[in-house]
Amino acid sequence: MTGLPSVGLISHGTSSPTGQVLIEVLATEIATDLRIRGIADEVMLGHVDVQKPDVDEVIARLPADRPVVLVPLLLSPGYHVHVDLAEAADRAAESGRDVRRTPTLGPDPRLAEILADRLPLLKSGDDVILAAAGSSDERANESCREMGRLLAAELERPVEVGFLAGGGVPLKDLVGQNRSRGARPVLANYLLAPGFFDDLARKHVKGGTDSTGLLAPPLLTGGGTTSAVPPKLVDIVRDRVREGIRGQVRDGVLAAGRNSGPGGAHVEGGCSAYVQPHTQSHTQPHNFTPQMLNA
């Protein structure tokens, strides 16, 4: 083995142009951070759904003479982690590749801090709900509930968890219950970027005859006074890469195989850029813009 490890950043993928750009910006900041710190060399982005390249192509295009660390840019470990990523890593291992998978981004106390920063100034009559994508895989849903507990500790007030899909308590039902008792539902947006689920959450808050309620921006957001890419999110990904390099296992995620059932919904948002290593000559500058990434 020669050189630094390579990193595959694996998003869900999205058809939302805004979501694609924001994930591209996140990926560029991660790649720059990893290179500056001497942690990784080549960084490639792929997706488990909607967009290309897929995980197999990411692995195939990264150098075969060094480990590949796959970091799921997903907030909870469901079907895509336990099946799609696991099976791609198994196929690569059968051909002699050293491929390591890391835990998902959540749950993590730093995500609770970002979510709290995205919320408006809360009032006594507000009920906070963590709006999560949801999954048919109960492991993913429990991960979101843990994130709700972390946010409650951060805010020092109760937080309910509502799901946009899967087997958890439907977000729509929680919003309706809060309004029926005279509370204003304030949704902490536990989605990575704008896309299908973000639009759906917005409909639940603004739809119907009672439009009281607020939906905070997702973790990645464009415009406004908040940073599009929170530095703490880059910190989380860097820590995941380091875990992968050390081969650590957390909560059984790295050891998971093909035990989950079909289905499962995850946060949307992805990109298809290939970030070149700083050790090779190329014409693209290190400070990419979304326009350059989409070229």
Side-chain angles (χ1 to χ4, degrees), residues 8-33 43-54 71-78 80-81 104-108 110-119 130-135 140 143-144 147 151 163-165 171 187-205 214-237 240 264-273 275 288-294:
L9 300 174
I10 309 300
S11 80
H12 182 283
T14 181
S15 57
S16 165
T18 302
Q20 290 177 10
V21 168
L22 287 171
I23 295 290
E24 288 163 358
V25 173
L26 170 64
T28 300
E29 294 201 16
I30 292 169
T32 300
D33 179 87
V43 179
M44 186 175 180
L45 293 99
H47 323 276
V48 290
D49 201 1
V50 184
Q51 293 177 261
K52 294 291 185 179
D54 61 20
V71 182
L73 298 182
L74 302 169
L75 297 175
S76 58
H80 291 310
V81 170
T104 53
L105 303 182
D108 192 290
R110 290 166 291 187
L111 290 177
E113 295 172 9
I114 299 171
L115 289 166
D117 288 342
R118 293 284 190 256
L119 289 173
L130 183 73
S135 173
S143 170
C144 294
M147 197 66 241
L151 181 58
F163 297 93
L164 292 153
L171 177 65
L187 277 55
N189 196 330
Y190 194 43
L191 301 172
L192 192 59
F196 173 78
F197 285 122
D198 182 60
D199 292 340
L200 184 57
R202 201 170 310 280
K203 289 179 181 178
H204 290 333
V205 172
L214 292 172
L215 174 66
L219 295 170
L220 299 174
T221 186
T225 59
T226 55
S227 171
V229 177
K232 291 174 183 175
L233 192 55
V234 178
D235 294 343
I236 293 170
V237 176
R240 299 294 182 266
H266 289 270
V267 178
E268 285 201 335
C271 54
S272 56
V275 186
F288 294 115
T289 65
Q291 291 76 21
M292 291 175 180
L293 284 165
N294 287 327

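Keep in mind that this is a model prediction, so the values were computed, not measured.
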Student: Could you give the distance from CD (E113) to CG (D108), rounded to the nearest 0.5 Å?
Tutor: 8.5 Å

Student: State which residues pass side chain to side chain donor-acceptor pair (under 3.5 Å) with N189; sequence neighbours excluded, sorted by chain then number.
Tutor: D198

Student: Taking the side chain as C-beta and beyond, is there a heavy-atom pair between L187 and V205 under 4.5 Å?
Tutor: yes

Student: Does Y190 reach the main-chain N or O of L75 with its side chain, forming a donor-acceptor pair under 3.5 Å?
Tutor: yes

Student: Considering the options L22, T14, V21, which one meets the side chain to side chain contact (heavy atoms under 4.5 Å, CB included) requirement together with P194?
Tutor: L22

Student: Working to the nearest 0.5 Å, report the span between CE of M147 and CG of L115.
Tutor: 5.5 Å

Student: For the residue pair F163 and G134, what are the closest heavy atoms and their distance?
Tutor: CD2-CA, 3.4 Å

Student: So which atom in G19 and which in A193 form the shortest heavy-atom distance, rounded to 0.1 Å?
Tutor: CA-CB, 4.1 Å

Student: On a heavy-atom basis, which atom in I23 and which in S11 lie closest, and how many Å separate them?
Tutor: CG2-CB, 4.4 Å

Student: Using side-chain heavy atoms (C-beta onward) and a distance below 4.5 Å, is L220 in contact with L233?
Tutor: yes

Student: Please give me the minimum heavy-atom distance between L151 and A188, naming the atom from each residue.
Tutor: CD2-CB, 3.7 Å

Student: Taking salt bridge (Lys or Arg N to Asp or Glu O under 4.0 Å) as the test, write out the residues that go with D33, two or more places apart.
Tutor: R37, R238

Student: Side chain to side chain contact (heavy atoms under 4.5 Å, CB included) between H204 and L164: does it pass, once the steps are laid out?
Tutor: CA-CA 9 Å; H204 290 333; L164 292 153; 3.7 Å; yes

Student: Rounded to the nearest 0.5 Å, how far apart are CG of D54 and CG of D49?
Tutor: 10.5 Å

Student: For A131 and L171, work out which heavy atoms get closest and say how close.
Tutor: CB-CD2, 3.8 Å

Student: Evaluate the criterion side chain to side chain contact (heavy atoms under 4.5 Å, CB included) for residue pair L26 and L9; output intermediate values, then yes/no.
Tutor: CA-CA 10 Å; L26 170 64; L9 300 174; over 6 Å; no

Student: Does the side chain of L74 reach to within under 4.5 Å of the side chain of H12, using non-hydrogen atoms?
Tutor: yes

Student: Any heavy-atom pair between the side chains of H80 and S135 that's under 4.5 Å?
Tutor: no

Student: Below 4.5 Å, heavy atoms only, C-beta onward: do F196 and S16 meet side chain to side chain?
Tutor: no

Student: Between Q20 and Q51, is there a side-chain heavy-atom distance shorter than 4.5 Å?
Tutor: yes

Student: Is a side-chain donor or acceptor of T32 paired with a backbone partner of T28 at a separation under 3.5 angstrom?
Tutor: yes

Student: Going by an N to O cut-off under 4.0 Å, is there a salt bridge joining R240 and D235?
Tutor: no

Student: P218 and R118: which non-hydrogen atoms are nearest, and at how many Å?
Tutor: O-NE, 3.2 Å

Student: According to salt bridge (Lys or Arg N to Asp or Glu O under 4.0 Å), who are the partners of D199, at least two apart in sequence or on a separate chain?
Tutor: none

Student: Just how far is it from atom CG of L105 to atom CG of L219, taken to the nearest 0.5 Å?
Tutor: 8.5 Å

Student: Are V81 and V48 packed together at the side-chain level, in the sense that at least one heavy-atom pair is separated by less than 4.5 angstrom?
Tutor: no

Student: Any heavy-atom pair between the side chains of L111 and I114 that's under 4.5 Å?
Tutor: yes

